[in-house]
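Just so it is clear: chains get the letters A, B, ... in the order the sequence lines come, proteins before strands, and each one is counted from 1.
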Protein chains: 2
Amino acid sequence: MPTTAPSPRDRLLETANRLFYSEGIHTVPVDRLVTEAGVTRATFYRHFPAKEDLVVAYLRATDARLRGAVESAVARDGADSGLSGVLDLIGETTCAAGFRGCHFINAAAEYPNASAPVRVAIAEHRAWFQQAVTDLAARSGHPDPDYAGRVLVLLHDGALSGAQLDDPEAVRRTLVRAGRDLLGLPAPE
Amino acid sequence: MPTTAPSPRDRLLETANRLFYSEGIHTVPVDRLVTEAGVTRATFYRHFPAKEDLVVAYLRATDARLRGAVESAVARDGADSGLSGVLDLIGETTCAAGFRGCHFINAAAEYPNASAPVRVAIAEHRAWFQQAVTDLAARSGHPDPDYAGRVLVLLHDGALSGAQLDDPEAVRRTLVRAGRDLLGLPAPE
DNA sequence: TCAACAAGAACGAACGTTCTGGCTACCTCG
DNA sequence: CGAGGTAGCCAGAACGTTCGTTCTTGTTGA
């Protein structure tokens with residue numbers, strides 16, 4: 001039996017995630033969103049006062065999904081610190097089909113005003129990730145976890161940009177090797 | 001005596017560089033461009049058949065400027081390989097006032113179609129930079145210049161994204177330290 | 001009965017682009 | 001030298017389209 005159909009709001013969020021990520025935000029009109037989500041304009045504006053509110057909701061949903069993915073990757077690493085799992089996760093992400101860079105960096109390019117709600121959501125996501133990898137570095141016994149965390153963020157951002165514009169597989173290999181070198185992790189089997 | 005006034009085309013390019021970079025491309029209408037450049041619409045469309053042609057010209061002009069900046073940084077390094085100078089150049093760039101990330105990565109976020117002329121210009125710029133730092137790594141005697149070049153691009157892209165969204169000075173320090181670690185350069189004085 | 005939704009028309013603003021008309025500088029050819 | 005043409009530019013109106021947002025009406029299900 002089919003599961004219950006997702007609510008209009010969820011369909012809008014799912015459509016927003018697909019279209020905003022693959023085609024950009026300003027280039028996707030409300031028309032496309034409501035058509036492909038199978039809802040009417042009235043329904044759209046009942047759930048989101050304006051298009052920008054959907055953008056923020058889209059980023060927050062993406063943030064929640066990524067937090068879950070990192071948690072899983074860390075858990076998969078078992079007794080290890082989790083840093084290796086996070087490196088692998090980034091590498092897998094950048095090589096996935098339809099990959100088009102970082103949801104948040106891309107959105108920031110379209111919202112230059114640093115105090116816009118969109119930018120607040122971006123800043124919150126980045127602050128979480130920075131803290132998460134710094135904690136992992138500390139847990140792994142790295143002598144300078146703050147530095148290690150910042151390097152991981154640097155490599156992460158660079159990989160997400162490069163994998164979209166250059167050769168994704170080469171970027172993935174470089175990321176994993178450089179991450180392990182810089183963090184003092186052993187080479188993979 | 002004042003130098004001769006720049007041509008309408010040059011004023012358009014200069015205005016495009018300023019506005020596109022600081023506010024994004026789709027968010028800046030042709031109205032703003034012609035008003036702030038002090039030209040008329042007719043003049044605009046005489047030099048550029050469409051807005052997208054100005055975007056491409058803006059990216060190519062930026063590309064030329066960056067090539068010159070890297071050349072100067074390498075030359076400043078004197079007898080050294082030039083890698084140190086390039087690292088410092090990136091660090092200075094990311095901390096400059098009005099910095100808003102990479103011209104090319106930002107533009108790519110607004111032009112998802114990988115075969116668009118804008119994306120071609122972006123690819124050409126990235127191919128040049130990749131080759132340039134790889135050459136420098138080879139000249140410095142790095143045992144694996146291809147790997148070193150790719151790491152430098154990774155760090156560069158990450159720094160440009162991070163400096164815009166996080167603490168620029170911390171990003172700069174992390175970039176220089178990580179770059180020197182990987183390249184086996186001595187720590188700065 | 002009421003709130004959520006479908007369907008679609010409608011609105012005002014903003015967009016990229018084209019057009020009309022007049023002014024000025026420069027080149028050409030007598 | 002000087003008349004006449006040509007090309008580049010200014011000023012601003014105009015066009016057709018698309019955008020984000022609102023409104024109207026009718027239907028469904030709790």
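- Among the heavy atoms of the strands, none lies under 4.0 Å from B:Arg32.
- OP1 or OP2 of C:dC5 has not a single side-chain nitrogen or oxygen of A:Arg11 nearer than 4.0 Å.
- Counting non-hydrogen atoms of neighbouring residues, nucleotides and ligands closer than 6.0 angstrom, the CZ atom of B:Arg60 exceeds 12 such neighbours.
- B:Asn106 places a side-chain N or O within 3.5 Å of a backbone atom of B:Arg100 that can act as its donor or acceptor partner.
- Not one side-chain nitrogen or oxygen of A:Thr43 sits closer than 4.0 Å to the OP1 or OP2 atom of C:dA4.
- Counting only residues at least two apart or in different chains, salt bridge (charged side-chain N to carboxylate O under 4.0 Å, His left out) contacts with residues 177-188 of chain A comprise A:Arg177-B:Asp144.
- Ring pair B:Phe129/B:His156 is tilted by interplanar angle, where 30° to 60° counts as tilted.
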> For every nucleotide of nucleotides 16-30 of chain D, 5' to 3': is a protein heavy atom under 4.0 Å from its base (B), only from its sugar-phosphate (S), or from neither (-)?
Replying inline: ---SSBBB-------
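- Not counting sequence neighbours, the partners of A:Tyr111 by the ring-ring contact (aromatic ring centres under 6.0 Å, His included) test are A:His26.
- The local environment of CD in A:Glu71 is sparse, with at most 12 non-hydrogen atoms from other residues, nucleotides or ligands closer than 6.0 Å.
- Across all strands shown, B:Thr40 has heavy atoms under 4.0 Å from base atoms, whether or not it also approaches the sugar-phosphate.
- If you measure from atom NE2 of A:His47 to atom P of C:dA4, you get 8 Å, rounded to the nearest angstrom.
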